[in-house]
Asks: 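Below you'll find the structure I mean.
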Amino acid sequence: MAGVLVSGTLLVIGFVLYASQPEWYDATLPVFDTEWLRTLHEQSIVAILLNPYVFLYAGIFVLMLTPILRLLITGWTFAVEADWHYVGITVLVLLVIGLSIVFSIIH
Amino acid sequence: MSPLLFLLVVLSGTITGTLGALLGIGGGIFLIPVLVMGFGLPMHEAVATSVVTIIATSSATASVYVDKGISNIRLGMTLEVMTTVGAVLGGITANHLPGDILRSLFAFFLLFMAGLMWRRTRARNVGAVQYDPAARISGAFYDAAEKQEVRYSVRRLPTSMMASLLAGNLSGLLGIGGGLVKVPVMHAVSGVPMKAATATSNFMIGVTAVASAFIYFSYGHLNPLYTAAAVLGVLSGTRFGTMLGMRLHSRTIVMVFIVLIIIVAVRMVAGEV
C-alpha cells in the first residue's frame, strides 16, 4: 500500500506542476530515453524538482516496482514460515520475470 | 492535455479500476479501445498505459484482499509460474498461428466457461464449497456479504495449472486473457469461491504485467500524461471496486462476470478484439 501511496502522491505533484506551466496545453512530451535523462542530468536541482515529467515518470516507475516488492515480501513470509516449496516457486517467478525483462530489452 | 481530456481519462481509469477490482481482470479490454478510438492514442501507447493500470489495480487491491486473507497467495504463486511460461510460449508462437482461428478458439473457450459458471449458479448448493484439510492448497476468509467464514480447498489443481498456461499463452498472443481465463477456471473448475478467485487473480495480474511494463518503459512507449491520469483514475476506482466486491453476494459477481465474458467472446468473433 505504501508504494501505491507514494506513486499516487508523485503523480499528483507531477500534474500540479504540469498544470502550472505556461501554455501547458501545448507542452511537448519528453520521451523517456537516455537522451532525456542526459538532458535532465545537465539541469540544476531546482529545475529538476520543478519538472513535472520527473514526478510523473517517477510515480509510474515506483508503481511498476510494487509487484516486485510484493513478491519479495511474499517470499520472505514463506521463508519465515519455513515453507521452502513456495520460497522456491517465488524465486522461480522472480527469476522468470527478471530474465524476460533482460531478454526483451536486449532484443 | 486539456482539463476535459484529463478528466475523461481519469474517468476511464476509474471505470477500469472498479471493474478490475470487482472482477479480477486487468481491464484492458475496456481501456484500450477507449484510449485508441475515443482519445486517438496510438495502439502501442494505449497498450502500455493499460499494462501500467493493471499494475495499479493489482497493487491497490492486493493491499486490501491480501490483508483480509481473501487472496490465496499459494494458489496465485503456483498458477503464476504456469502463466509466465505460457506468456513466453505465446510470444514465441504468435507468428505461427492464424489470428482468426485463435480468436474463434478463445471465444469458444470463454463461452464454454460462461456456461460452466452459469450452471454453477443454478446448482442448489452453489454456496457450499468443498473443504478438505488434507488438500495441497486450501483457503479461508470472512465473507462480509454472507456474514460467515468460507473455507475451501482447491480441486483439480493440474487443470487450473494448464488453464493458466493457456491464459498466459493467450496473453502473449492476443494481449488479453489473464483474468478473463483464470477467474472462471479457478471458480468453475477448481471450486475456489468467486471472491477468492477474483482476489487471487488481482494479485497475479500485476506480477504478470510487470515484465511487459518495463519493456514498454524502456522503449519509451509510455505516454506519461495519459498513463498518470489513467492510474489516478484506477486508484480511485479500485477503492470503490473492492468495497463493492466485499459487499456484493458472490452470485451477483458471477453474473456480472458471465455478462462480461459473453460480450468479449462476441466481440472476438466479430473481429473487434
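Lettering follows sequence order; numbering is per chain, from 1.
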Asks: Using non-hydrogen atoms only, which part of A/T74 is less than 4.5 Å away from chain B: side chain, backbone, both, or neither?
Replies: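 Only the side chain of A/T74 comes within 4.5 Å of chain B.
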Asks: Which heavy atom of A/M64 sits nearest a heavy atom of B/I55, and at what distance?
Replies: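 Taking A/M64 first and B/I55 second, the nearest heavy atoms are CG-CD1, 4.0 Å.
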Asks: Would you call B/V231 and A/I60 a side-chain contact if the rule is heavy atoms closer than 4.5 Å?
Replies: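 SC-SC contact between B/V231 and A/I60 ruled out.
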Asks: Please report the closest heavy-atom contact between A/L56 and B/P224, naming both atoms and the distance.
Replies: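 Closest approach of A/L56 to B/P224: CB-CB, 4.2 Å.
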Asks: Quick one: are B/R74 and A/D83 in side-chain contact, heavy atoms under 4.5 Å?
Replies: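 They are in side-chain contact.
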Asks: Any side-chain heavy atom of B/F6 within less than 4.5 Å of one from A/Y18?
Replies: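 SC-SC contact between B/F6 and A/Y18 ruled out.
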Asks: So which atom in B/A56 and which in A/L63 form the shortest heavy-atom distance, rounded to 0.1 Å?
Replies: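 Smallest heavy-atom distance, with atoms named: CB-CD2, 3.7 Å.
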Asks: So for atom CZ, which belongs to B/F39, do other residues, nucleotides or ligands contribute more than 12 heavy atoms lying within a distance under 6.0 Å?
Replies: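 Yes, enclosed.
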Asks: If we define contacts as heavy-atom pairs under 4.5 Å, which of B/G206, B/A213, B/A229, B/A228 has the most with chain A?
Replies: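 Answer, by heavy-atom pair count under 4.5 Å with chain A: B/A228.
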Asks: Is it true that, when you exclude B/M43 itself, more than 12 heavy atoms of the residues, nucleotides or ligands shown sit nearer than 6.0 Å to its CE?
Replies: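 Not more than 12 within 6.0 Å, no.
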Asks: Where does B/A209 contact chain A at under 4.5 Å (heavy atoms): side chain, backbone, both or neither?
Replies: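 It is neither, since no heavy atom gets under 4.5 Å.
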Asks: Go through the steps to decide whether A/I68 and B/F214 satisfy the test side-chain contact (heavy atoms from CB on, under 4.5 Å), and finish with yes or no.
Replies: CA-CA 12 Å; A/I68 295 172; B/F214 272 98; 3.9 Å; yes
Asks: Can you find a pair of side-chain heavy atoms, one from A/F15 and one from B/V10, that are under 4.5 Å apart?
Replies: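 The answer is no; the side chains never approach within 4.5 Å.
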Asks: Measure the CD1-CD1 distance between A/I89 and B/I73 for me, rounded to the nearest 0.5 Å.
Replies: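 Rounded to the nearest 0.5 Å, the CD1-CD1 separation comes out at 13.0 Å.
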Asks: Measuring from A/L92:CG to B/T78:OG1, what's the distance to the nearest 0.5 Å?
Replies: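 That separation rounds to 11.0 Å.
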Asks: Roughly how far, to the nearest 0.5 Å, is CD1 of A/I97 from CD of B/E80?
Replies: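 Going from CD on B/E80 over to CD1 on A/I97, the span is 6.0 Å.
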Asks: Take atom CZ of B/F240 as the centre, draw a 6.0 Å sphere, and report whether it contains more than 12 heavy atoms from other residues, nucleotides or ligands.
Replies: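 No.
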Asks: Heavy atoms, side chains only, cut-off 4.5 Å: are A/P67 and B/S59 in contact?
Replies: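 Yes, close enough: below the 4.5 Å cut-off.
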Asks: Flag the pair B/T227 / A/Y57 as yes when at least one side-chain heavy-atom distance between them is below 4.5 Å, and no otherwise.
Replies: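 No, every pair of side-chain atoms sits at 4.5 Å or beyond.
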Asks: Is there a donor-acceptor pair under 3.5 Å between the side chain of A/R70 and the backbone N or O of B/F203?
Replies: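 Yes: the side chain of A/R70 pairs with the backbone of B/F203.
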Asks: Within a strict 4.5 Å, meaning less than it, do heavy atoms of the B/M77 and A/L71 side chains meet?
Replies: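 Yes, at least one pair of side-chain atoms sits under 4.5 Å.
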Asks: Under 4.5 Å heavy-atom distance to chain A, tell me which part of B/I137 shows up: side chain, backbone, both or neither.
Replies: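 Side chain only.
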